[in-house]
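Here's the structure, in structure tokens; my notes come after.
Only a predicted model underlies this, so the values are computations on that prediction, with no experimental measurement involved.
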Amino acid sequence: MTKLKEFKLLKENFMPKDLKSIPRSELEEFCKELRQELINIVSVTGGHIGPNLGVVELTTALHYVYDFPKDRVIWDIGHQAYVQKMLTGRTSLLRTNRQNGKSPGYSNKEESEYDTVTSSHAGASVSLALGIALGNIINSNNNSAIAVVGDGSFVEGSIQEAMNHLAIAKGKTVVIINDNERAIEENYGGFHEYFKTIQVGTDFQDTLFRSINLDYIGPIDGHDINALIENLENIKENYNNPVVLHIKTVKGKGLDDMALQNDMRIHWNPSFNQETFEKTEVSIFPGGKDNSGFAGQAIENILANDPKSILITPAVRGNVGLSNAFKEFPEQCIDVSLAEQHAVTLAGGFAIEGIKTIVGMESTFMIRSFGQIKHDICINNFPILIVAARSGHGFTDHITHNALEDIAYLRSMPNLRIVYPICAEDIAETIKYEYENLSQPTIVLFPKANTNEDPQIKEPSFFNSDEFEIQCKSSNGIILSVGPQNRNAEVLQQKLQNLGIDFVQYSVKEIYPLSQHLTDIISNFDYVITLEEGILDGGFGSSILELIDTLAVPSKMLRIGFEKQFIEHGTRDFIYKKYKIDADSIIEKMEHKFPEIFK
């Protein structure tokens with residue numbers, strides 16, 4: 001394994017000016033060094049290894065030809081920015097990828113002027129690039145705007161809207177189709193099948209792009225550094241209007257054997273051994289099974305027991321635990337690629353015909369389909385079940401992977417039932433129950449687990465037990481918690497008990513509407529504390545505040561959650577302490593707001 005200090009061309013604080021000084025004849029060797037150092041780094045940190053290995057030559061060529069950040073490049077998706085970090089003086093930062101308080105594994109404009117935007121999801125690049133290009137016309141400059149779009153991202157609806165506009169627009173916009181015939185895992189759909197017919201070495205006079213009067217170049221080998229530079233130089237010098245450059249790349253190039261072993265792992269991988277490809281990162285999940293594993297098993301059982309049931313997902317099978325369902329029940333499973341909006345409304349169409357449908361998606365990006373949830377599903381009161389993973393904080397991924405607003409925006413919607421399982425083991429039972437009793441639009445949220453998750457958390461039945469009722473009668477206050485905050489609530493309860501203060505802890509499962517049981521008992525308490533892993537404005541705590549107001553209960557209340565701001569990546573224990581929502585910080589807040597109970 002060659003290390004950085006042994007490389008001939010690549011160095012630690014490498015910048016674009018260093019790249020431009022390398023003779024073109026040596027760029028192929030430089031790309032080999034770059035690829036090896038990328039593997040060296042990500043094998044230690046974990047991260048999106050495959051997408052970045054596929055754009056080593058492209059990123060090098062872009063920075064060789066263009067003058068960033070005067071020119072602009074948008075990566076679609078933003079997790080392809082590792083190589084750009086290495087070419088813009090951030091190799092040392094990349095070595096801290098996914099660590100608390102360190103560099104995120106995505107483009108981040110706060111980190112460098114070379115990252116045009118902070119982004120992670122598909123769909124924004126062409127619109128942004130076109131807007132930049134049109135702005136350049138107004139500003140009377142000759143700068144270029146470049147959108148790098150994966151073929152998996154190309155299906156996203158906003159890209160199609162932007163391409164429609166691009167075809168009649170002016171300005172130096174370059175759309176690079178980075179075609180590796182993959183999405184997160186397999187790719188599907190008409191665009192995918194179309195791109196497969198267009199291969200390097202064939203002259204295509206009639207293409208989808210030329211049919212709408214867009215200039216088109218390609219396809220070319222995306223790993224041929226000289227061909228890339230020649231075509232980019234031609235585009236920079238000779239094209240003043242939008243142009244599409246189609247390149248063919250290999251996702252995970254340089255780790256071909258790993259790519260053959262596992263589609264998901266070549267997309268994103270924890271730390272691994274470069275020789276054996278075995279994971280070296282200790283599992284953060286109890287028993288090695290994460291929350292998505294419980295959800296996936298429940299959905300598989302539903303598909304097995306109800307042959308008319310349908311599962312839909314927008315290209316996030318692995319992240320929601322659905323990969324095995326697609327293998328076992330292919331006729332009942334539909335992957336619509338990166339198309340959250342279509343996934344939701346498609347389920348509505350099935351509902352019209354009386355077919356019960358599950359949409360498996362990430363809460364991280366469910367907000368992109370909120371318009372469809374409202375207009376197409378909730379107004380019609382269609383009984384579909386959305387199972388949304390990664391609610392709340394997104395762990396070590398990125399600021400854009402958090403879903404801290406989901407409860408706040410979802411609970412504003414009439415007809416929508418919102419359920420949040422109490423613990424990992426409760427996820428499967430909740431999905432089963434909600435599917436069997438489906439009569440309205442319903443969303444089951446669950447978080448990404450990490451080391452704060454405790455598999456010994458109270459079972460849901462406890463909160464309707466005699467023991468719980470006895471606790472309620474002897475307590476002055478109640479701690480109401482949701483999802484990943486349930487464990488934190490138990491810790492808080494125990495710490496208060498050690499101080500001689502009796503609070504009962506209640507894990508709330510039915511977010512909207514609130515259960516009758518909770519409504520019946522809330523008036524018994526002088527003090528109410530709510531804990532949620534989301535923003536406070538409009539969130540779960542707000543719903544309890546509204547309930548107390550409606551019932552005219554004189555309870556004193558403390559809401560714990562995040563202020564209205566964007567929160568960075570990090571482990572749950574790190575984030576909780578930093579933003580003072582851990583048990584010790586909550587006690588400090590209680591001492592300030594309820595000093596009388598500490599006397």
Would you say the side-chain atoms of [X] pair up with the backbone N or O of [Y], donor to acceptor, closer than 3.5 Å?
| X | Y | result |
| --- | --- | --- |
| Asp335 | Ser337 | yes |
| His398 | His569 | no |
| Asp549 | Leu545 | no |
| Lys495 | Asp584 | no |
| Ser158 | Gly123 | yes |
| Thr313 | Gly360 | yes |
| Asn291 | Pro447 | yes |
| Arg411 | Gly539 | yes |

Should [X] and [Y] count as side-chain neighbours, where that means a heavy-atom distance under 4.5 Å?
| X | Y | answer |
| --- | --- | --- |
| Ile575 | Glu533 | no |
| His401 | Phe365 | yes |
| Val504 | Phe525 | yes |
| Phe540 | Ser481 | no |
| Ile443 | Leu445 | yes |

For this session: Answer yes or no on whether Arg317 is positioned over the face of Phe326, meaning its NZ or CZ is under 6.0 Å from the six-membered ring centre and within 45° of the axis.
Result: yes
Nearest 0.5 angstrom please: [X] [atom1] to [Y] [atom2], how far?
| X | Y | atom1 | atom2 | answer |
| --- | --- | --- | --- | --- |
| Asn301 | Ile431 | CG | CD1 | 10.0 Å |
| Thr88 | Glu113 | OG1 | CD | 9.0 Å |
| Arg98 | Thr45 | CZ | OG1 | 7.0 Å |
| Ile358 | Glu434 | CD1 | CD | 11.5 Å |
| Gln341 | Leu346 | CD | CG | 13.0 Å |
| Leu410 | Phe370 | CG | CZ | 6.0 Å |

Would you please say whether a donor-acceptor pair under 3.5 Å links the side chains of [X] and [Y]?
| X | Y | value |
| --- | --- | --- |
| Ser119 | Ser107 | yes |
| Ser103 | Glu111 | yes |
| Asp582 | Ser585 | yes |

Salt-bridge present ([X], [Y]; N to O < 4.0 Å):
| X | Y | answer |
| --- | --- | --- |
| Glu568 | Lys578 | yes |
| Lys509 | Glu429 | no |
| Glu532 | Arg559 | no |
| Arg487 | Glu490 | yes |

Over all heavy atoms of both residues, which pair between [X] and [Y] is shortest? Give the atoms and the distance, please.
| X | Y | result |
| --- | --- | --- |
| Asp76 | Ala124 | OD2-N, 3.5 Å |
| Pro513 | Glu510 | O-CB, 3.6 Å |
| Met361 | Ser369 | CE-OG, 3.8 Å |
| Leu311 | Ala325 | CD2-CB, 4.0 Å |
| Ile544 | Val528 | CG2-CG1, 4.0 Å |

Check the surroundings of atom [atom1] in [X]: do more than 12 heavy atoms from other residues, nucleotides or ligands lie under 6.0 Å from it?
| X | atom1 | answer |
| --- | --- | --- |
| Lys432 | NZ | no |
| Lys102 | NZ | no |
| Phe598 | CZ | yes |

For this session: Quickly, which of Met557, Glu596, Met590, Lys593 forms a side-chain contact (heavy atoms from CB on, under 4.5 Å) with Tyr527? Name it, please.
Result: Glu596
Exercise. Can the ring centres of Tyr576 and His393 be said to be less than 6.0 Å apart?
Worked result: no
For this session: Tell me, with the steps shown, if Gln505 and Ser507 meet side chain to side chain donor-acceptor pair (under 3.5 Å).
Result: CA-CA 7 Å; Gln505 186 267 327; Ser507 298; 2.9 Å; yes
Exercise. With Phe562, which residues qualify under ring-ring contact (aromatic ring centres under 6.0 Å, His included), at least two apart?
Worked result: Tyr579
For this session: Apply side chain to side chain donor-acceptor pair (under 3.5 Å) to Tyr512 and Ser543, showing your working.
Result: CA-CA 9 Å; Tyr512 186 85; Ser543 70; over 6 Å; no
